[in-house]
2 protein chains.
Amino acid sequence: MVQKSKLPTAAGQPKRRGRPRAYEPDVALGKALDLFRRQGFAATSLDDLSEATGMNRPSLYGAFGDKRELYIKSYQRYREEARASMAAIFREEMPLRQRLERIFASALNIYLSGEAGPRGCFTVVTAASEAVSDPEIRAMVLDGLTELDKAFAGCFRRAKEKGELPESADPAVLAQLASAAVHSIAVRSRARVPRKELEAIVKGAIDMMVGAKA
Amino acid sequence: MVQKSKLPTAAGQPKRRGRPRAYEPDVALGKALDLFRRQGFAATSLDDLSEATGMNRPSLYGAFGDKRELYIKSYQRYREEARASMAAIFREEMPLRQRLERIFASALNIYLSGEAGPRGCFTVVTAASEAVSDPEIRAMVLDGLTELDKAFAGCFRRAKEKGELPESADPAVLAQLASAAVHSIAVRSRARVPRKELEAIVKGAIDMMVGAKA
DNA sequence: CGATTTTTGTACCATTCCGCAAATTAATCC
DNA sequence: GGATTAATTTGCGGAATGGTACAAAAATCG
């Protein structure tokens with residue numbers, strides 16, 4: 001009896017008070033993310049977003065705030081998804097080469113999926129563009145870039161400890177090179193470079209990194 | 001007397017017929033380029049362009065066509081400038097490491113200059129974004145990407161012939177790696193990563209490439 | 001000077017843009 | 001059922017957008 005009216009968020013049905021929502025915030029945010037990713041911030045209008053999400057503009061506003069806030073929330077969502085798709089690969093135990101192959105394959109999947117052509121990387125394609133003028137977005141972009149660097153650095157450090165890389169190898173440098181390969185396929189995918197070519201680039205980069213002596 | 005009225009483009013003063021232009025098309029296009037580069041296509045309004053170039057909208061339209069045409073002409077101009085700044089470096093004779101250093105230094109200068117913060121790379125930051133939906137821009141982006149790849153490949157091929165690289169080195173693979181490094185600093189510069197860090201990335205990449213055995 | 005040509009300047013049009021206010025609907029609580 | 005709460009719908013308002021029509025201006029040509 002004590003906490004019956006309180007803590008409605010914990011249990012199964014929140015039993016919210018007013019009119020129920022006609023949309024699922026999660027899927028709506030996903031649709032918004034798709035749009036922003038394809039068209040960028042400025043080229044995406046609230047009408048576009050409204051149509052894609054099925055929510056009319058006031059509902060959008062009420063749920064996510066103004067256009068910029070929705071953009072930022074979309075970007076956060078993108079980063080969470082990207083992180084999730086990579087997390088397992090970083091956790092499991094496997095040889096360096098295989099780990100790199102799987103990470104790049106995951107990145108390619110993210111960049112190349114989408115019905116209306118490849119979608120590319122949110123960070124590289126649209127967020128980086130906004131980053132110059134918007135400090136908050138810039139901070140997120142920086143965070144995204146360094147997160148990838150650190151993840152790769154962790155890979156190489158572990159591989160070095162296991163003797164898969166020579167003692168002379170510098171994990172930080174290798175990581176920035178790996179990140180660079182990711183950035184490059186992100187850009188190229190946006191120009192509709194065919195998957196085969198991107199995979200060839202990935203293979204070349206991996207060969208270079210696992211055979212690294214510098 | 002024969003070609004007096006004809007061929008007015010060749011000589012010093014064209015002696016054009018009507019009211020003289022109040023602007024210089026070249027510098028106006030430069031201003032437009034700056035804007036598009038900083039803000040992208042959609043976020044740059046004709047009013048912005050009009051103010052930056054000093055031309056009013058009808059003049060803009062008369063001189064360059066509509067907004068998209070102006071964008072494309074700006075991008076062409078950018079590519080010409082970038083090519084020009086690199087051309088000398090590719091022409092001269094010098095050791096591989098020095099050539100790479102100068103190429104990357106030139107790229108950094110292009111990306112980091114600008115009063116209102118770093119401007120990044122037109123191809124990577126804004127054109128790649130438009131490339132998904134606009135075939136003409138996509139073709140230009142693809143051309144820009146492969147041009148850089150080929151230029152780098154030429155460097156490595158020459159270096160290999162001069163014995164600066166082992167026989168096992170693959171110029172095409174190294175070139176894509178070098179391009180990737182360029183793409184990466186282009187993205188990072190947009191997030192205002194300090195020059196020092198970008199230079200460190202460049203140094204790491206160069207060390208890797210000139211010491212390449214793969 | 002007058003005719004011609006080309007560019008400029010002002011003003012405008014039709015759309016689209018973002019954000020919000022007001023009224024409506026649908027649920028729960030008592 | 002009535003009150004309350006929360007989300008929906010409609011529609012507006014003011015600004016900004018891309019593009020253009022039209023007249024004034026500034027040059028050359030005859």
Side-chain angles (χ1 to χ4, degrees), chain A residues 1-9 11-29 31-32 35-36 39-74 130 134, chain B residues 1 3-9 11-29 31-32 35-36 39-74 130 133-134:
Chain A
M1 242 322 191
V2 199
Q3 60 255 54
K4 185 190 150 201
S5 60
K6 276 301 176 195
L7 301 178
T9 50
Q13 291 111 323
K15 272 293 176 60
R16 307 175 34 107
R17 193 74 149 62
R19 174 173 178 168
R21 277 196 278 242
Y23 58 90
E24 278 195 72
D26 277 354
V27 317
L29 189 58
K31 301 285 190 183
L35 262 192
F36 277 133
Q39 306 179 344
F41 177 76
T44 302
S45 72
L46 285 187
D47 284 334
D48 294 338
L49 293 163
S50 179
E51 188 191 342
T53 60
M55 304 162 63
N56 40 31
R57 242 168 310 144
S59 294
L60 263 179
Y61 199 83
F64 303 111
D66 69 5
K67 187 181 170 184
R68 182 175 163 278
E69 287 181 76
L70 177 53
Y71 180 81
I72 290 179
K73 290 192 170 106
S74 298
E130 309 297 324
D134 190 314
Chain B
M1 227 359 169
Q3 59 254 54
K4 184 190 152 203
S5 60
K6 277 304 178 191
L7 301 178
T9 51
Q13 292 113 318
K15 274 293 176 65
R16 306 171 38 98
R17 195 65 153 64
R19 175 173 177 170
R21 279 194 278 242
Y23 58 91
E24 278 194 71
D26 276 355
V27 317
L29 189 57
K31 300 285 189 183
L35 263 193
F36 277 133
Q39 307 178 342
F41 177 77
T44 302
S45 72
L46 286 186
D47 283 334
D48 294 338
L49 293 163
S50 180
E51 188 192 342
T53 58
M55 306 163 63
N56 41 30
R57 242 167 310 146
S59 295
L60 262 180
Y61 198 84
F64 304 111
D66 70 5
K67 189 181 170 185
R68 180 174 165 279
E69 287 181 79
L70 177 52
Y71 180 81
I72 289 179
K73 292 194 169 98
S74 298
E130 310 297 324
S133 53
D134 190 314

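Values reported hereafter were calculated over all heavy atoms of this structure, with side chains retained and with hydrogens, waters and symmetry mates removed.
The bend of the helix from C/dC1-D/dG30 to C/dC30-D/dG1, defined by the angle between the axes of its first five and last five pairs, stands at 0° to the nearest 10°.
Put simply, OH on B/Tyr71 is 20 Å from C1' on D/dG19, counting in whole angstrom units. As a whole-Å value, the separation of A/Leu46 CG from D/dA15 P is 18 Å. A/Phe41 has its CZ atom 10 Å from the C1' atom of C/dC18, to the nearest Å. The CG atom of A/Asp47 sits 15 Å away from the P atom of D/dG11 (whole-angstrom rounding). Between the P atom of C/dT4 and the CZ atom of B/Arg16 lies a distance of 20 Å, rounded to the nearest Å.
Annotation for A/Lys31: atom NZ does not count as buried by contact number, only 12 or fewer foreign heavy atoms lying within 6.0 Å.
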Can you give the donor-acceptor pairs under 3.5 Å from side chains of residues 18-29 of chain A to other protein atoms, not counting sequence neighbours?
none

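The stretch residues 55-68 of chain A touches DNA chain D through A/Asn56, A/Pro58, A/Ser59, each having a heavy atom within less than 4.0 Å of the strand. A heavy atom closer than 4.0 Å to some atom of DNA chain D occurs in A/Arg17, A/Gly18, A/Arg19, A/Arg21, A/Ala22, A/Tyr23, these being the qualifying members of residues 17-27 of chain A.
OP1 or OP2 of C/dC17 sits under 4.0 Å from a side-chain N or O of A/Ser45.
Sequence neighbours left out, the pairs with a member in residues 44-73 of chain B that pass ring pair (Phe, Tyr, Trp, His ring centres under 6.0 Å) are B/Phe36-B/Tyr71, B/Phe41-B/Tyr71, B/Tyr71-B/Phe122. Applying the salt bridge (charged side-chain N to carboxylate O under 4.0 Å, His left out) test to every pair with at least one member in residues 44-54 of chain A, sequence neighbours left out, gives these pairs: A/Asp47-A/Arg57.
Looking at B/Ser74, its side chain does come within 3.5 Å of a backbone N or O of B/Leu70 through a donor-acceptor pair.
In terms of heavy-atom proximity, B/Thr53 sits nearest to B/Ala32 at CG2-N, 4.2 Å. Contact detail for B/Leu46 and B/Leu60: the closest heavy-atom pair is O-CD1, 4.2 Å.
Applying the side chain to side chain donor-acceptor pair (under 3.5 Å) criterion to A/Ser50, with sequence neighbours excluded, gives no partner residue. Not a single salt bridge (charged side-chain N to carboxylate O under 4.0 Å, His left out) links B/Asp66 to another residue, sequence neighbours left out.
No engagement by B/Ser50 is indicated, since no non-hydrogen atom pair under 4.0 Å with the nucleic acid exists.
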Report the C-alpha distance between B/Leu49 and B/Met55 in whole Å, list the side-chain angles of each, state the deciding distance to 0.1 Å, and finish with yes or no for side-chain contact (heavy atoms from CB on, under 4.5 Å). CA-CA 8 Å; B/Leu49 293 163; B/Met55 306 163 63; over 6 Å; no
